[in-house]
Amino acid sequence: MSDHDVETVLDEMLPAMMRNRHVDRKLEQALLDQGLNPILARVYAARALASISDAKPSLHDLLRPEALAGIEQAVDLLYFSIQQRKKLLVVADYDCDGATACAVALRGLRMMQARVDYLVPNRSVHGYGLTAEIVALAMKHPRLGKPDLLITVDNGIASHEGIEAAAAHGVPVLVTDHHLPGDSLPPAQVIVNPNQSHCQFPSKHLAGVGVMFYVLLALRRRFREQDPQHAAAQAGLQQLLDLVALGTVADLVKLDRNNRALVDAGLKRMREGKSQAGIKALMSVSGRHAPQLEVADLGFAIGPRINAAGRLKDISLGIECLLTDDANEAERLARELDAINRERQRMQADMQQQALEALPTLAAEGPSLVVFSDSWHEGIVGLLASKLKDQFHRPTLALAPSADPQLLRGSGRSMPGLHLRDALDWVSKQSPAILVRFGGHAMAAGFTIRRESLKAFDILFARAVSAMTDPEQLEPIVWTDGSLDPSWLREDWIQSIQEAIWGQGFPAPLFQDQFEVMSQHSLADKHLKVRLQAEQGHKLDGIAFGRREPFERRIRAAYRLQLNRWQGRQSLQCVLEHVEAL
């Protein structure tokens, strides 16, 4: 079983309502007329795309950097800092987006002959973001010494105290971030964040790595205009697109048109064998092959191995893996990251089992879940929240102890219809003493609360969810792309699905049909292998990952198609995601 299936499997296939997406037939015909095959034409039309350029945007379609608020001031600051050989220090976040953003910043700025190094907080020791403690460490950086400029990547928009501390040392801060700002902006020298209220950048969904990449694009343009002989004017920023793609997918930002263009370009480089040495090594340890790499492999195989370092150890391991050009060093670091990820999987499974044992009846109770155990690890509670959210179809918060015995640190995952950071903001406004700090996105957020406030927090969060959602939004609905026409079962068309860019906010195709189960048997007592015959008469091999109990004779299934490659052979199979007996 692949890492994708390990990460997505649930203990049981839960009942859900299956509904077909609406397909605009005019859009579908327009896409057919432009040369798309019928299966992609229907799927893209159901996602309101009108042209091949919408379906497959290229780098030529990228939004221009000029619309980003603060971008010209950021370029001014970096341009003169490089020219004057000032010491730049990148302060990163400890997840995959932060690690890739850090690697993009260092690789890109070094191409431009900047003096630059990095510093990243430890999740358990320092907490999140540019804190005053991190600033104190930055002022005595072991390799760089006291920096002349701090550059945050994937953090900083909430770092009021840290930026004030840097100012006290006479060091300006350039914030590059994508998280939602609070009620007031920190006193940074410059802020580049598309989610500032006054920013006119059309896409609000850039990941932290995407924001930093845009800053580099604008900086290179400045050098081309004002100092075309400088090495920065010829910086090969396209070499960073694999990192941009990885961080964008791993951070679960919406894959809008702009992000799909970035991810597609980065994925093409990976498939062509043009990845960084570290990404190649991570592909190898996760059993992936460059020519067949898919978007899901970034999110479920490569990304988690980098994230695991930030969750359990030190994200510097992941950053160093992405920075090295030495293949042997990359392989050593990738193996270490793989071992950490295996430990993360074991710990996560234990935590999930404990949570399920403590929540035997909560699937139908209340609009939200808040879970806590003194034995849990704070670096894994976000993954636990994600699993419970999927299983119970409720916005979920999971908490663990922090280094401060008076505080608990938590992470949450939401669902369409509830903006999680806004829900936490609602709680904060109702009871300002409960939340010590919080931040994040619509679908994911991190927070710290006082231990004695846990019960009150649980109650208030449930009220927030009730106030901000309709009951039907909590119903488990599986949206599908309808019944599959048997004539579409062509390997080249299925290959076109696998090669396309799917992800958060742009879901991969999921089809729905009724089947007769012709045969079924267990694989390793973990999964169910089946032979199916559809009502239309065609037959399909299928697999239900994580399923042990046999199916009824007749079923309705929501499934995705894939080309299964095993021992040099390729065959078509369907992966059963949701099944109900008929």
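The number of heavy-atom neighbours closer than 6.0 Å to NZ of Lys254, taken from other residues, nucleotides and ligands shown, is 12 or below. Annotation for Glu161: atom CD does not count as buried by contact number, only 12 or fewer foreign heavy atoms lying within 6.0 Å. A 6.0 Å sphere centred on NZ of Lys274 holds no more than 12 heavy atoms belonging to other residues, nucleotides or ligands. Remark: His60 NE2 is loosely packed, at most 12 non-hydrogen atoms of other residues, nucleotides or ligands lying under 6.0 Å away. Other residues, nucleotides and ligands contribute over 12 non-hydrogen atoms within 6.0 Å of the CZ atom of Arg224. Atom CD of Gln229 sits in a sparse spot, with 12 or fewer heavy atoms from other residues, nucleotides or ligands closer than 6.0 Å. When the shell of 6.0 Å around NZ of Lys56 is examined, it contains 12 or fewer heavy atoms from other residues, nucleotides or ligands.
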**OP:** Begin from the C-alpha positions of Arg288 and Glu294 and carry the test salt bridge (charged side-chain N to carboxylate O under 4.0 Å, His left out) through to its verdict.
**Re:** CA-CA 9 Å; Arg288 277 15 184 215; Glu294 301 175 25; over 6 Å; no
**OP:** Evaluate side chain to side chain contact (heavy atoms under 4.5 Å, CB included) for Val171 paired with Val135, printing each intermediate quantity in order.
**Re:** CA-CA 10 Å; Val171 178; Val135 169; over 6 Å; no
Subject >> Full working for side chain to side chain contact (heavy atoms under 4.5 Å, CB included) between Leu185 and Gln196 >> reply: CA-CA 9 Å; Leu185 296 174; Gln196 296 179 88; 3.6 Å; yes
**OP:** Could you walk me through whether Asp325 and Arg107 pass the salt bridge (charged side-chain N to carboxylate O under 4.0 Å, His left out) test, one step at a time?
**Re:** CA-CA 11 Å; Asp325 293 320; Arg107 283 185 173 277; 2.9 Å; yes
Original post:
Going through the checks in order, is the side chain to side chain contact (heavy atoms under 4.5 Å, CB included) test met by Gln84 and Asp148?
Top reply: CA-CA 11 Å; Gln84 296 166 13; Asp148 299 305; over 6 Å; no
**OP:** Dump the intermediate steps for ring pair (Phe, Tyr, Trp, His ring centres under 6.0 Å) on Phe457 and Phe372, then the final yes or no.
**Re:** CA-CA 12 Å; Phe457 178 62; Phe372 163 73; over 10 Å; no
Original post:
Could you walk me through whether Phe201 and Ile71 pass the side chain to side chain contact (heavy atoms under 4.5 Å, CB included) check?
Top reply: CA-CA 11 Å; Phe201 193 69; Ile71 192 79; over 6 Å; no
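Ring planes of Phe223 and Tyr79: tilted class, angle from 30 to 60°. Note: His179 and His441 have parallel aromatic rings, judged against thresholds of 30 and 60 degrees for the angle between ring planes.
Proximity of a side-chain donor or acceptor of Ser402 to a complementary backbone N or O of Leu407 within less than 3.5 Å is detected. In terms of modelled atom types and a separation under 3.5 Å, the side chain of Asp297 and the main chain of Val295 share no donor-acceptor contact. Side chain of Thr324 to main chain of Glu320: no donor-acceptor pair is present (N/O by atom type, distance under 3.5 Å, no hydrogens or angles). Remark: side-chain polar atoms of Asp177 are not paired, donor with acceptor, to backbone N or O of Asn193 under 3.5 angstrom. Using modelled atom types, no side-chain atom of Arg269 and backbone atom of Leu240 make a donor-acceptor pair closer than 3.5 Å. Put simply, the side chain of Arg271 gets close to the backbone of Leu293: a donor and an acceptor are under 3.5 Å apart. Side-chain N or O atoms of Lys87 include one that pairs as donor or acceptor with a backbone N or O of Lys146 at under 3.5 Å. Between the side chain of Thr176 and the main chain of Thr152, a donor-acceptor pair closer than 3.5 Å is present. Without hydrogens or angle criteria, Arg451 side chain to Leu408 main chain gives no donor-acceptor distance under 3.5 Å. A distance-only check finds no donor-acceptor pair linking the side chain of Arg437 to the backbone of Thr448 [under 3.5 Å].
Using a 4.5 Å heavy-atom cutoff, the side chains of Glu133 and Pro121 are not in contact. Using a 4.5 Å cut-off on side-chain heavy atoms (C-beta onward), Val244 and Met212 make no contact. Here the side chains of Asn122 and Tyr94 are not in contact, with every heavy-atom distance at 4.5 Å or above. A 4.5 Å side-chain heavy-atom check between Gln83 and Asp227 finds at least one atom pair inside the cut-off. Between Ile157 and Ile191, some side-chain heavy-atom pair lies under the 4.5 Å cut-off. Between Val175 and Leu130 the shortest side-chain heavy-atom distance does not fall below 4.5 Å. Using a 4.5 Å heavy-atom cutoff, the side chains of Pro181 and Asn195 are in contact. The shortest distance between side-chain heavy atoms of Arg311 and His377 does not fall below 4.5 Å.
Here the shortest heavy-atom pairing between Ser275 and Lys280 reads O-CE, 3.4 Å. Closest non-hydrogen pair, Phe438 versus Leu435, comes out as CD2-CD1, 4.0 Å. Of all heavy-atom pairs between Asn307 and Cys96, the closest is OD1-N, 2.7 Å. Minimum interatomic distance between Ser81 and Leu77 (heavy atoms only, all atoms of both residues): OG-O, 2.7 Å. Considering all non-hydrogen atoms of both residues, Ile163 and Pro186 come closest at CD1-CB, 3.5 Å. In terms of heavy atoms, Ala330 sits closest to Cys321 at O-SG, 4.0 Å.
Remark: the Ser316 side chain and the Asp314 side chain contain an N/O donor-acceptor pair separated by less than 3.5 Å. For the residue pair Ser411 and Arg413, a side-chain donor N or O sits within less than 3.5 Å of a side-chain acceptor on the partner. Using modelled atom types and a 3.5 Å distance limit, the side chains of Thr248 and Asn259 yield no donor-acceptor pair. A donor-acceptor contact under 3.5 angstrom links the side chains of Asp154 and His178, judged on distance only.
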Exercise answer: donor-acceptor pairs, residues 499-508 side-chain atoms, under 3.5 Å, sequence neighbours excluded:
from	atom 1	to	atom 2	distance (Å)
Glu499	OE2	Gln495	NE2	3.0
Trp502	NE1	Ile497	O	2.7

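Separating the CG atom in Leu63 from the CG atom in Leu68 is a distance of 9.0 Å, to the nearest 0.5 Å. The distance from the CG atom of Leu322 to the SG atom of Cys102 is 9.0 Å, given to the nearest 0.5 Å. Distance check, rounded to the nearest 0.5 Å: NZ of Lys268 to CG of Asp242 gives 14.5 Å. Distance CG/Leu219 to CD1/Ile82: 5.0 Å, rounded to 0.5 Å. Between atom CG of residue Asp264 and atom CG of residue Leu241 there is a gap of 10.0 Å, rounded to the nearest 0.5 Å. For the atom pair OG of Ser428 and CG of Asp422, the computed distance is 12.0 Å after rounding to the nearest 0.5 Å.
Legend: residues meeting salt bridge (charged side-chain N to carboxylate O under 4.0 Å, His left out) with Arg21, ordered by chain and number and at least two apart, are Asp481. Residues satisfying the salt bridge (charged side-chain N to carboxylate O under 4.0 Å, His left out) test with Asp458, not counting sequence neighbours, are none.
In this structure, Arg143 satisfies the cation-pi test against Tyr118, with its NZ or CZ atom closer than 6.0 Å to the six-membered ring centre and inside 45 degrees of the ring normal.
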